[in-house]
Structures are given as C-alpha cells and as structure tokens.
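Step one of this worksheet: look at the structure below.
What you see is a predicted model; the values in this text were computed from it and never measured. Below, chains carry the letters A, B, ... as their sequence lines are ordered, and counting in each starts from 1.
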There are 2 protein chains.
Amino acid sequence: MSIRDSLPTARVEQSNSSDSDEHLLLHVNGDLCTRLCLAAEARDQTPAALASDLLQRGLEQETLRAHSELLLDKLTPREQEVVRLTLRGLTNYQISDRLVISPETVKTHVRHALEKLGMRSKTELRMRWLEAGILPANP
Amino acid sequence: MSIRDSLPTARVEQSNSSDSDEHLLLHVNGDLCTRLCLAAEARDQTPAALASDLLQRGLEQETLRAHSELLLDKLTPREQEVVRLTLRGLTNYQISDRLVISPETVKTHVRHALEKLGMRSKTELRMRWLEAGILPANP
DNA sequence: CATTATATAGAACAATTGTTCTGATGTCAA
DNA sequence: TTGACATCAGAACAATTGTTCTATATAATG
C-alpha cells in the first residue's frame with residue numbers, strides 16, 4: 001500500500017447559491033480510515049463524531065500555531081534557537097552546551113525572548129506553545 | 001444554524017471482501033467546512049490534505065492521551081489533583097493555596113506522582129502531557 | 001560617524017523546583 | 001491488630017530558573 005492510499009481524497013461540492021451552503025466530501029481510506037474507526041470504537045463514538053472533534057481541535061491548534069509563528073518572527077535568530085530548544089524541554093545548561101555558549105548568555109536570550117513574547121517564564125512559554133501543538137524538529 | 005449542522009455526517013462504505021479495503025465518506029459542512037477551507041487556503045493546501053494532517057495528528061494525540069489517562073489512574077486522588085493543577089501551569093505555592101495545604105505537602109505529592117509516572121520533573125510532565133493535548137478543565 | 005540591533009557574558013540575589021530525609025495521623029483490609 | 005496506604009508537613013540542601021544590573025564586540029543602517 002502506497003502512502004497515497006493513506007491520504008484522504010476529497011471532492012468539493014459547492015451549491016449554486018451561497019458560500020454558507022458549501023460542503024465537503026472527504027474520502028478517507030487506508031490506514032487512516034482503520035485507525036479512525038478503531039479510535040472511535042474505543043471511545044464509543046461514531047467515526048464521524050470523532051473526526052469532527054479531531055478536526056475542530058486541530059483547527060484551533062492551527063490558529064494558535066499560526067499566531068505563535070508570527071510571534072516567533074519577532075525574535076532574533078539566536079533567540080529563536082533558544083526558544084526552540086526550550087520547547088523541547090532542555091535546561092539552560094543543556095542549551096548552552098548545544099549552542100556552545102555560556103549558560104549566562106542563554107539566560108539573556110531567554111529573558112529577551114520572553115520579554116518580546118510578553119511571557120513571564122519558560123513554563124508559560126511551554127504551556128502556550130505546546131498547547132498549540134508546536135514541537136520543533138530535532139536538530 | 002443548529003449545532004448539528006456543524007457536525008460532519010458520515011456514510012460508512014464497506015467493501016465486500018476484507019477490512020483493509022474499508023473506507024469512509026465524511027460529509028463536512030457548515031462552520032467546520034468553512035474553517036477547514038480557510039485554513040487550507042492559508043496554508044496553500046487542499047482541504048483534503050489539511051484534513052488528513054489534522055486527523056493523523058489528532059489520532060496520535062488520542063493515543064498519547066489514552067496512555068496518559070491510564071497513567072493517571074495509578075495516582076491517588078490528591079496526587080491527581082496536584083498533577084492537574086501542575087498541568088495548568090500553577091506553581092507549588094499556588095497549588096498549596098488552592099488546596100489549602102502546605103507547599104511542602106504539595107512537593108511531597110508532586111514527588112510521589114512523578115515517581116509513579118517515571119518522570120523527573122514537572123517540566124517533563126508538562127512536555128509529555130501537553131503534547132498529548134491534555135488540558136484539564138478549570139476547577 | 002552615530003545609532004541601533006545582535007550576540008556574548010558576568011555578578012548578585014530571589015524564587016522555584018528537586019532530592020533526601022524524617023515523622024505524624026487516619027483509614028482500611030487481611 | 002498489624003501492615004499497607006494515603007495524607008499531611010517539615011528540615012536541609014542542591015539545582016534550576018528568574019530579575020536586575022553592567023559590560024564588551026560586531027554588524028548593519030541611517
């Protein structure tokens with residue numbers, strides 16, 4: 001089974017009159033369909049209801065994520081690196097090791113980043129951004 | 001528009017032979033359809049592709065969440081309360097205020113909870129559980 | 001050139017968290 | 001009633017984080 005098989009296909013059906021009547025037909029098959037049905041069964045829910053929940057929550061996270069990305073642009077490159085590593089749960093010391101700078105410098109970057117983001121602590125940063133489903137890539 | 005309108009309806013089409021050929025038709029309309037299309041446009045993606053991403057990530061979170069729920073059952077009621085409040089970003093002191101107990105007691109509960117969960121810090125707890133999309137209700 | 005932004009780093013101190021102990025009290029089941 | 005568990009709480013100390021300073025060096029921009 002190719003990867004393509006696990007992607008849903010969609011046919012957009014649009015009524016003639018207004019946009020508010022638009023609707024989508026999502027064709028879900030393959031592995032995604034299987035997992036969706038299993039999860040729905042485990043939750044004693046119909047696949048459609050579960051899909052609705054997942055899509056709604058996913059869209060909320062998308063909004064938060066987009067907002068977070070905009071905030072990230074306000075930071076300098078170095079501050080962004082520090083924030084990313086912080087979001088992966090690293091301590092200042094570990095970050096200083098990774099970036100080959102002093103722990104004091106990490107503290108400075110963290111402080112500047114938190115100021116620009118209007119946050120008070122790394123905990124608050126992690127709360128907001130992990131809630132948005134943001135988990136930066138490994139390197 | 002009623003709430004029902006914003007829920008997708010589904011018709012499960014199952015082929016005659018094997019389960020691996022099963023597929024779903026999700027009928028998405030109303031507000032959910034609108035937001036899905038807008039978000040897809042913003043990401044320069046087809047609504048189907050975005051839906052696929054959201055469903056996949058949502059299912060992963062479901063798995064993590066289910067696992068976390070099982071872990072939560074290993075904790076005493078008081079430990080669960082402390083964990084919940086910790087996941088909402090409260091400090092030990094704030095929690096002690098909320099539960100009308102000593103900060104030292106909170107520390108004890110946190111320590112016991114982290115031991116049972118096999119974690120080393122509240123940061124690790126927040127990382128894992130917020131990643132799973134767990135955000136306990138307000139009270 | 002002067003200003004601004006960026007990156008670096010330290011001192012000094014406060015606050016929070018984590019670790020290792022000890023210990024008291026109450027409940028519940030074997 | 002003894003043991004296991006849950007709840008509560010403190011001492012003492014280490015580690016991490018946060019706050020307020022100062023300070024140097026470099027690059028870009030006007």
Side-chain angles (χ1 to χ4, degrees), chain A residues 68-132 134-137 139, chain B residues 68-132 134-136 138-139:
Chain A
S68 299
E69 291 293 338
L70 290 181
L71 288 178
L72 200 58
D73 286 343
K74 300 200 302 184
L75 306 182
T76 70
R78 211 51 163 170
E79 285 163 1
Q80 291 185 21
E81 285 187 89
V82 170
V83 163
R84 280 184 219 280
L85 293 175
T86 295
L87 285 178
R88 292 181 49 209
L90 276 66
T91 66
N92 290 347
Y93 185 80
Q94 292 171 326
I95 294 174
S96 76
D97 244 33
R98 193 76 63 100
L99 301 183
V100 199
I101 54 180
S102 159
E104 291 299 320
T105 304
V106 175
K107 251 170 43 169
T108 301
H109 288 316
V110 167
R111 182 165 41 79
H112 288 161
L114 290 178
E115 277 171 8
K116 292 180 182 176
L117 298 174
M119 301 179 186
R120 286 186 187 80
S121 65
K122 299 198 287 186
T123 291
E124 185 178 347
L125 175 70
R126 293 190 183 113
M127 294 293 301
R128 293 186 187 279
W129 289 35
L130 293 180
E131 178 183 5
I134 292 186
L135 261 192
Chain B
S68 299
E69 290 294 338
L70 290 181
L71 287 178
L72 199 58
D73 286 343
K74 299 200 302 184
L75 307 182
T76 70
R78 212 51 165 169
E79 285 163 359
Q80 290 185 21
E81 285 187 272
V82 169
V83 163
R84 281 183 218 281
L85 294 175
T86 295
L87 285 178
R88 291 179 50 208
L90 275 67
T91 67
N92 290 346
Y93 185 81
Q94 291 171 326
I95 293 174
S96 76
D97 244 34
R98 193 77 62 101
L99 300 183
V100 199
I101 55 181
S102 158
E104 292 298 321
T105 304
V106 175
K107 251 169 42 167
T108 301
H109 288 316
V110 167
R111 182 165 42 79
H112 288 161
L114 290 178
E115 277 171 9
K116 292 180 183 177
L117 297 175
M119 300 179 187
R120 287 186 187 79
S121 65
K122 299 198 289 186
T123 291
E124 185 178 346
L125 175 70
R126 293 188 183 114
M127 294 291 304
R128 293 186 187 279
W129 289 37
L130 293 180
E131 181 184 2
I134 294 185
L135 262 191
N138 274 0

> Is there a side chain to side chain contact (heavy atoms under 4.5 Å, CB included) between A:L114 and A:E124 once you walk through the steps?
Replying inline: CA-CA 9 Å; A:L114 290 178; A:E124 185 178 347; over 6 Å; no
> How do A:L90 and B:P103 order along DNA chain D: which one's closest nucleotide is nearer the 5' end?
Replying inline: B:P103
> First contact, last contact: which nucleotides of DNA chain D are these for chain B, 5' to 3', heavy-atom distance under 4.0 Å?
Replying inline: D:dA6 to D:dA12
Any protein N or O atoms within reach of nucleotides 6-8 of chain C? Criterion: under 3.5 Å, listing atom names and distances.
from: C:dA7; atom 1: OP1; to: A:R78; atom 2: N; distance (Å): 3.2
from: C:dA7; atom 1: OP2; to: A:T76; atom 2: OG1; distance (Å): 2.2
from: C:dT8; atom 1: OP1; to: A:R78; atom 2: NE; distance (Å): 3.1
from: C:dT8; atom 1: OP1; to: A:R78; atom 2: NH2; distance (Å): 3.0
from: C:dT8; atom 1: OP2; to: A:R78; atom 2: NE; distance (Å): 3.0
from: C:dT8; atom 1: OP2; to: A:H109; atom 2: NE2; distance (Å): 2.7

> Looking at A:K107 and A:N92, what are the two nearest heavy atoms and their distance?
Replying inline: CG-ND2, 3.6 Å
> What's the shortest heavy-atom distance between A:A132 and A:S68, and which atoms?
Replying inline: CB-OG, 4.2 Å
> Is B:R84 salt-bridged to B:E81, cutoff N-O under 4.0 Å?
Replying inline: no
> Checking all strands, does B:K122 fall into the base, sugar-phosphate, or nothing category for heavy-atom contacts under 4.0 angstrom?
Replying inline: sugar-phosphate
> What are the two closest heavy atoms between B:M127 and A:L130, and how far apart are they?
Replying inline: SD-CD1, 3.6 Å
> Does CZ belonging to A:R111 count more than 12 external heavy atoms closer than 6.0 Å?
Replying inline: yes
> Can you name the nearest heavy-atom pair linking A:K74 to A:K116, along with the distance?
Replying inline: NZ-O, 3.1 Å
>> Could you measure the distance from the CD1 atom of B:I95 to the CD1 atom of B:I101? Nearest 0.5 Å is fine.
In response: 8.5 Å
